[in-house]
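Small disclaimer: the values here were computed from a predicted structure and weren't measured. The chains referred to below are lettered A, B, ... by the order of the sequence lines, with proteins before strands, and numbering in each begins at 1.
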2 protein chains.
Amino acid sequence: MKKVIIIGYGPAGITAAIYLKRNNINPLVIGKDFGALEGYDGLVENFYGVGDPLSGVELIKRGVKQAKDLGIEVVTDSVIALKTIEDHFEVVTEKGKFESKSVLLATGKTRQTLNRPGFVKYRGKGISMCAVCDGYFYRKKKIAIIGCGAYMLHELEYLNRMSSDVTIFTDGHELDAEVKNKVVKDKIKKFVGTDKITHIETNGGLYEVDGVFVALGVPSSVEFASQLGVIVEKGNLVVDEHYQTNIPGLFAAGDIIGGKLQIAKAVYDGMNAADAIYDYVVKK
Amino acid sequence: MKKVIIIGYGPAGITAAIYLKRNNINPLVIGKDFGALEGYDGLVENFYGVGDPLSGVELIKRGVKQAKDLGIEVVTDSVIALKTIEDHFEVVTEKGKFESKSVLLATGKTRQTLNRPGFVKYRGKGISMCAVCDGYFYRKKKIAIIGCGAYMLHELEYLNRMSSDVTIFTDGHELDAEVKNKVVKDKIKKFVGTDKITHIETNGGLYEVDGVFVALGVPSSVEFASQLGVIVEKGNLVVDEHYQTNIPGLFAAGDIIGGKLQIAKAVYDGMNAADAIYDYVVKK
């Protein structure tokens, strides 16, 4: 079992990994994409020490290389769920499972969204981003789940326990798995309803629904954390002065905990979180 | 008059300069040496984004280049005094004088010291690092001032007003100025005293003294700040949550304010101080 798993290999995650490594703790870093820095069109020139301005993606790659050069284990994989088992954590990824005494969430703040009419209007009014959080409210009801990958399948397993009427909407994608559920492969046109959602309209038809669960791509940290009952305020994970959430051993750093959405702040968080995790892991 | 002068071009100073510049404030950065990073023998590899490990001096140079590339004015000069004049500051350097609405002290924490027997014992017991702070206690007494450069001359001017018996000890160096004071060019051997200092012993003789002022090289931020009455605790400048000292418009960031003596923390400080200075300067 690992002492620490760090989810996310941006500035916060890599900085934490480096500080832990130098404190003789070997973390496993699991990362997937380039986070907020990928969407940043400009060049990074306001962060100290990078030298000539470079793109956000280049900076992330440089950080990953820096960690690997120090002997830190970094894997590219998608985390689809995070669970607590007795006194430790299980991190479920597309490719496997990992166990650890503590976890640092440092994935940045990108959230799942679906840019179709009605999505924003009915979010929280029948549209949910978290099966574990809200599935219970739709037991024995007509449920739709939107997605086509491992994350969707993970959420589906949970929803199938709640209701025998769960339909998968792939939104135009192929489904790479065998399921017993109904599958609608049409592109979604819009979400329809009154004060709450009542229907999904696709290119091929109109489908009645009570609840819609979105499980596109991979879940964000807020989504992992919600599964575990972490306190979230205004879209930020709430942490104490030791960067620990209300779940012992679960830490968070970077954009995901709010404050200035700046590399300098994410790096500072990563350093401090590493020190706090070190204390936690050594004490245990 | 400048809106902001930043003293120190290490991680905190340069980061603050970059953030101010991007907020349309053109700071002047005055720096001199490589601070704590110069004395660091290892390579910097725990700071995010630098790429291949590099020496502390290389990192400082890279930071200065980064600032200059963004059009920030960076000068290499030694600050020897900091004064308040009505509602603004005067920064006195070896080469000139600069005025500004606000000042950020980001020089790191290197302090003046003199590695001779008795120095530590009599520091605070007759040996002082600040003429403005302590000169008054030695008025009309036998004063020694140790130093040979612009900083010493600046402090001398003040001490000459306190006493007509001020002797300059150059500690083996040449004195590049005409003065009316007595000058002892011998190397200092040790500081002698009872419960307080009574004599300086050099290779050439024993000199009776009541007070000794050390003004070697250039003063540290703590020394500038002391001249202005800034609150210092355990060798750190005390700042509020806006990185402001008890002197309005005088800000401090980096090692000098304590906390973790890490680049990541200095950079974080620099970013936050820049935002606070921006608010201060724009409001004024």
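- The line from CD1 of A:Ile18 to OH of B:Tyr48 is 8.5 Å long, rounded to the nearest 0.5 Å.
- We find the CG-NZ distance between B:Asn272 and A:Lys265 to be 10.5 Å, quoted to the nearest 0.5 Å.
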In sequence, state the C-alpha distance, the side-chain angles, and the governing distance for B:Asp52 and A:Lys65, and then conclude on side chain to side chain contact (heavy atoms under 4.5 Å, CB included).
-> CA-CA 9 Å; B:Asp52 293 329; A:Lys65 181 177 180 301; 3.4 Å; yes
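- Heavy-atom pairs under 4.5 Å with chain B were tallied for A:Ala266, A:Pro53, A:Gly49; the largest tally goes to A:Gly49.
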Going through the checks in order, is the side chain to side chain contact (heavy atoms under 4.5 Å, CB included) test met by A:Met271 and B:Asn46?
-> CA-CA 9 Å; A:Met271 171 183 69; B:Asn46 68 343; over 6 Å; no
Could you walk me through whether A:Tyr268 and B:Phe47 pass the ring pair (Phe, Tyr, Trp, His ring centres under 6.0 Å) check?
-> CA-CA 10 Å; A:Tyr268 178 76; B:Phe47 181 60; over 10 Å; no
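- Of the inter-residue distances, the one linking A:Gln262 atom CD with B:Asp275 atom CG reads 8.0 Å to the nearest 0.5 angstrom.
- Taking 4.5 Å as the heavy-atom cut-off, the residues of residues 66-81 of chain A that approach chain B are A:Gln66, A:Asp69, A:Leu70, ordered by number.
- The number of heavy atoms from other shown groups lying within 6.0 Å of NZ (B:Lys3) does not exceed 12.
- Interface residue B:Lys260: only side-chain heavy atoms are found under 4.5 Å from chain A.
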